[in-house]
Amino acid sequence: MRKILMAASEAGPYAKTGGLADVLGSLPVALQKEGTDTRVIMPKYGTIASELKEKMVHLCYFYVNIGWRSQYCGIEMAEEGGITYYFIDNEYYFNREGYYGYQDDGERFAFFCRSVLDALPHIDFVPDILHCHDWQTGMIPPLLEAQYRSLPLYREIATVFTIHNLRYQGIYGVSDMKDWFGLGDEYFTSDKLEFYGGASFLKGGLTYSQILTTVSETYSEEVKYPFFGEQLDGLLKAREKDLYGILNGIDYDEYNPKNDPYLYYNFTKSNLNGKSANKKALQQELNLMVDESLPMIGFISRLVDQKGLDLIACVLDEILAEQVQLVFLGAGSENYENMLRDAMYRYPGKVSATIRFDNALAHKIYASSDFFLMPSLFEPCGLGQLISLRYGTLPIVRETGGLKDTILSYNEETGEGNGFSFTNYNAHDMLFTIKRALKLYSKKTLRAKLRKSAMSCDYSWRSSAKKYIKLYEKLIIRNKSERAEFSYEERSNPAVISLIPAIE
Ligand code: ADP
């Protein structure tokens, strides 16, 4: 049985700020169903719910070197949904409020990266594939090549790195990075870790991992261009033979209108009565005008510029000139939080803005809304639109990244489509699309048809998990041949890695 270890900074149900946690909570289950032994390793944060912490078992502890310091590292273990999770325990680094945004995040995740590698002999689980996710795990592959490869236990481990969002990179000063990782000058050149005068965790992952993936096919193409590439487009273009786009799925058990425990009323594709009953109950809960016939547009997101909030700000009053309600749930940049609070103040009964992270409310909004707005500037995959489809809520999206790959704009000629979309990052294009959606919404039979076709889409993990398995299998074969062909020193040289033939 293939052994896969996923390393990430968040994973549902333990810690979540966005889609990464959804993926780490559901992809392992899908991979397990395909006959692998997939486990997850993540930090043990102070904010993990106490009932989940109570289920953790202490496995062992050891000390991890961070520069000249030697830090305690406990390993806790828990099983959830059939998946084994390991937790890196260090109260100083991780027993804090929230997950990120601390001045010493670089050192915290440097500790995490080294702890993951140091943990392997202690947890008695040497993976065939070490699958790292996003910048917080980016230094695992370089450390593996530079300092662990020559040890027998680490010899055969193959590496995959998934970019969930290229914007967040973990860039720190070269001297700090040298200190944390004990790496010499030779690693801080422009073909390795150096990045515009600093050094980058993410670049480490992109340079040293054998295979790179992104979370949709379109995003895997987009990142090779300067607009989306976040100054790493050149590197990604150079590594395009090893770069794959595999679309995220969602957990069809967690997001299931038939038995979702967070909803006021459950409903199914064949009986949608519960959907409008949910809307009424949500209108009451959020102090909105209670009127089933008013179209409701939901928006649930981190409040950052990536999510198209500038477009919303630009035409907010024009949207609200329509017969419509807007329901926002999110937290993030203060300017966007205030923009939404202001809209709620100016449009009582028409706008609701809940500024926090609230999973239960998110489920209610997905189920109650008629439309779900995602006008993103860029979107590596996007899960909101997939969750919406599951609840018969029609996405209104901008055609970028995963939004482009999953939402087909309704075509009046052919009757095809599962939502509405626009091409340019332009507020009035968005406004036009919203108005078009509202107009079609008024046609009862069409509305019912569109909801049914949205709910008939299958964005579960089934097909994407198979794609990962196929990729892992090819990589394992390639890894074996590489290990036979190259010396240990050669193997830690990215120039040699780039010579190795790509998987066909
Ligand atoms: P990203 O990963 O960029 O944040 P995605 O669309 O891929 O965006 O995933 C976002 C996930 O986080 C979804 O499951 C969404 O429902 C959830 N989410 C975002 N903001 C909130 C919030 N304030 N409260 C509850 N869930 C949220």
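Values reported hereafter were calculated over all heavy atoms of this structure, with side chains retained and with hydrogens, waters and symmetry mates removed. Start at 1 and go down the list; that is how both ligands and their atoms are numbered.
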Atom 25 (C) of ligand 1: of Ile365, Val215, Asp358, the nearest heavy atom sits on Asp358
Number the atoms of ligand 1 from 1 as they appear, then name those within less than 4.0 Å of a heavy atom of [X], with their elements.
X: Asp22; result: 11 (C), 13 (C), 14 (O)
X: Ala362; result: 25 (C), 26 (N)
X: Gly330; result: 23 (N)
X: Gly384; result: 6 (O)

Starting from [atom], what is the nearest protein heavy atom, named by residue and atom, and what distance separates them?
atom: atom 20 (N) of ligand 1; result: Ser301 C, 3.5 Å
atom: atom 23 (N) of ligand 1; result: Arg356 O, 2.8 Å
atom: atom 2 (O) of ligand 1; result: Gly19 N, 2.7 Å
atom: atom 6 (O) of ligand 1; result: Leu383 N, 2.9 Å
atom: atom 4 (O) of ligand 1; result: Arg302 NE, 2.7 Å
atom: atom 27 (C) of ligand 1; result: Phe357 CE1, 3.4 Å
atom: atom 8 (O) of ligand 1; result: Lys307 NZ, 3.1 Å
atom: atom 15 (C) of ligand 1; result: Tyr366 OH, 3.3 Å

Without swapping roles, check the side chain of [X] against the backbone of [Y] for a donor-acceptor pair under 3.5 Å.
X: Ser333; Y: Asn335; result: no
X: Asn418; Y: Thr406; result: yes
X: Ser388; Y: Thr393; result: no

Among the heavy atoms of [X], does any lie under 4.0 Å from an atom of ligand 1?
X: Ile387; answer: yes
X: His164; answer: no
X: Gln385; answer: no
X: Tyr255; answer: yes

Could you go step by step and tell me if Gln325 and Tyr347 meet the side-chain hydrogen bond (donor to acceptor under 3.5 Å, both in side chains) rule? CA-CA 9 Å; Gln325 285 178 334; Tyr347 293 94; over 6 Å; no
Ring centroid separation for Tyr391 and Phe372, is it under 6.0 angstrom? no
For this output row, return yes or no: ring centroids of Phe87 and Tyr14 closer than 6.0 angstrom. yes
Distance under 6.0 Å and angle within 45° of the ring axis: does Arg2 meet both against Tyr472?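 Checked: cation-pi criterion not met.
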Six-ring centre of Tyr459, Arg390 cation under 6.0 angstrom, axis tolerance 45°: no
Check: [X] N/O within less than 3.5 Å of ligand 1 N/O:
X: Ala331; value: no
X: Leu20; value: no
X: Thr17; value: no
X: Asn359; value: no

Ser9 vs Tyr100, side-chain hydrogen bond (donor to acceptor under 3.5 Å, both in side chains): CA-CA, chis, key distance, verdict: CA-CA 9 Å; Ser9 60; Tyr100 320 114; 2.8 Å; yes
Between [X] and [Y], is any side-chain donor less than 3.5 angstrom from a side-chain acceptor?
X: Glu379; Y: Thr400; answer: no
X: Ser216; Y: Thr218; answer: no
X: Tyr441; Y: Gln323; answer: no

Check against side-chain hydrogen bond (donor to acceptor under 3.5 Å, both in side chains), Glu230 and Gln169: CA-CA 9 Å; Glu230 305 285 346; Gln169 303 190 350; 4.9 Å; no
